[in-house]
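A short write-up of the structure that comes next.
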Amino acid sequence: MTPVLAAASGEAALAFIEIGAVALVLSVLARLAGRLGITAIPLYLLAGLAVGEGGIAPLDVSADFIQLAGEIGVLLLLLTLGLEYSPDELRHGLRSSLTPGAVDALANFTPAFLVGLILGWEPAAALLLGGVCWISSSGVVSKVLTDLDRLGNRETPAVLNLLVIEDLAMAVYLPVVGALIVGSGAADTAATVAIALGAVTLILAVALRWGDHLSRLLAPASDEALLLAVFGLTLLVGGLAQEVQVSAAIGAFLVGLALSGSVQARAAAVVGPLRDLFAATFFLFFSFSVDPSDLVAVLLPAAALALLGIFGKILSGWVAARTATARTPGRLRAGTVLIARGEFSVVIAALGATTADGAELGALTAAYVLITAIAGPLAAKYSDRLATRVATAT
Amino acid sequence: MTEVTETQLPGVGVRHEFTTVSGERVAVLSHRTGRREIAVYDRADPDACSTVLHLSNDDTRTLAELLGGSPVSEAVSGVQQLKGVAVDWIRIRPGNQHAGATIGDGRFRTRTGASIVALVRGDETLPAPGPEVALEAEDVVVAVGTTGGLRQLRDLLEA
């Protein structure tokens, strides 16, 4: 034993120093983001650019560790996204927000998909770009709503229900694009898509109907046992999903959806800190693999997409708030608060990292998330002023 | 009673709203974490809130106590001012010999000197129950008496 430890210790010491320094930098960024009232995700992405290849301080020995930790981060991120809503909320959201959900998909997914095709990308990559631009960051949206004291507002339930619909749409979208990316021939692709959709339908049905059984099984566990059980289940289901060519991330997402009741709340609480740690690593790793010079090259399309995305979300928020009988200021508040994209977009782009257009997609997504995650909360803050200006102009 | 509307806030909690007699619209937001917010809607923009009050779990309890909901809490806060008088909440064990019998049958005041001033049954409160009221298992008895008398009553009902 001793010689092995001794031989590894030199490298381990260096890795500890690197990881420790990176974690401290991320901590400072998280505080800064809190001060500015934005999410830390864009700042993590910038940090990843700095320590990645071609960055100002590239990491040396700990890159492998960061990659594995980042991959666990995606799983935990999607687990908690799945945990966010109870089956009741999913059912209710589905009933009440189908029309706004459809408008949201059309207004945000379609333009970005077309831009992908215009850029000359493969259809699969364009589909991913559509997804990147479609899904609002539920983390940022709920944070902004809380910070601006808007949870009591009339348009707020409509906004939150739209996030529920997006979450559900992801349960179908992710496995389909995941299968499209790995499938080689047409028949092969059709088969993987079918397997993926079958698995998702099965798990969703089980979760919505019998999720309480799984939850009851886990309920008597102590916090420690629960943390290990949920972590284990997430990695295990994720790994199995990967084996049948459904992405591991989707498996984790479905585990989150399947947990319900009091276990859901407890699991979210115990996994939370672990998720924060690994997810920060994931965002770091994501832009780690983005070449800063690529980022400069995609700035123009990213700005154009962001503009499309801002108007797309204002439209979906407007429609959602109108069905909730909110007036013009409320509709504008709903639209602007939805602008921010974040965790889901990065996860979607990471799915396509291995495709032919993966590098460009990664850079474009990083720039897109940077712009919208910063512009969104700002627009939400000043939307009432915008509303008065709209009112005086008309 | 004022009409209260309930709205689910997915991922956050639940919101209850009502309009006061003077026409002010008020909402109480219950977060899943137990945190509460009280919001008063803006008269100019009825979709938005002009004032939001953030309350921790403790704040909520204090406020509820001050607003004085149930007759029990009012009665209790009254007697707690008296010297030597104690108040106790006692849950009746299932299988206790007094479960199913009336308060009069138990002759509690004669035996312990303590008086039963209220019964809490599930969400329901029965203030000042008469001797004809039957006790049920899992009822919570609110009793007033001396410390010794209350200890005796507890022995009787928790046996």
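Lettering follows sequence order; numbering is per chain, from 1. Please read these numbers as outputs of a predicted model, since none were measured by experiment.
Of all the heavy atoms in A/Arg154 and B/Arg15, the pair that sits closest is CA-NH2, 4.1 Å. Of all the heavy atoms in A/Asn161 and B/Pro10, the pair that sits closest is OD1-CG, 3.3 Å.
Among residues at least two apart or in separate chains, salt bridge (Lys or Arg N to Asp or Glu O under 4.0 Å) pairs with a member in residues 158-167 of chain A are A/Glu166-A/Lys313.
Partners of A/Tyr173 by ring-ring contact (aromatic ring centres under 6.0 Å, His included), not counting sequence neighbours, listed by chain and number: A/Trp134.
Annotation for B/Arg151: atom CZ does not count as buried by contact number, only 12 or fewer foreign heavy atoms lying within 6.0 Å. Counted within 6.0 Å of CD on A/Glu224, heavy atoms from surrounding residues, nucleotides or ligands total 12 or fewer; the atom is thus considered open. Heavy-atom contacts from other residues, nucleotides or ligands closer than 6.0 Å to NZ of A/Lys143 number more than 12.
Counting heavy-atom pairs under 4.5 Å between each of A/Gly330, A/Pro157, A/Pro329 and chain B puts A/Pro157 at the top. When each of A/His92, A/Arg150, A/Glu84 is scored by its heavy-atom pairs under 4.5 Å with chain B, the top score falls to A/Glu84. Options A/Thr156, A/Leu145, A/Leu151 differ in how many heavy-atom pairs under 4.5 Å they form with chain B, and the most are formed by A/Leu151.
Applying a 4.5 Å heavy-atom cutoff, none of the residues of residues 106-115 of chain B approach chain A. Of residues 46-55 of chain B, those residues lying under 4.5 Å from chain A by any heavy-atom pair are B/Pro46, B/Asp47, B/Ala48, B/Cys49, B/Val52, B/His54.
Looking at A/Arg327, its side chain never comes within 3.5 Å of a backbone N or O of B/Asp45 through a donor-acceptor pair.
Proximity to chain A involves both the backbone and the side chain of B/Leu9, based on heavy atoms less than 4.5 angstrom apart.
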Practice prompt. Please step through side chain to side chain contact (heavy atoms under 4.5 Å, CB included) for the pair B/Gln8 and A/Leu160, ending with a clear verdict.
Written response: CA-CA 9 Å; B/Gln8 293 292 327; A/Leu160 293 173; over 6 Å; no

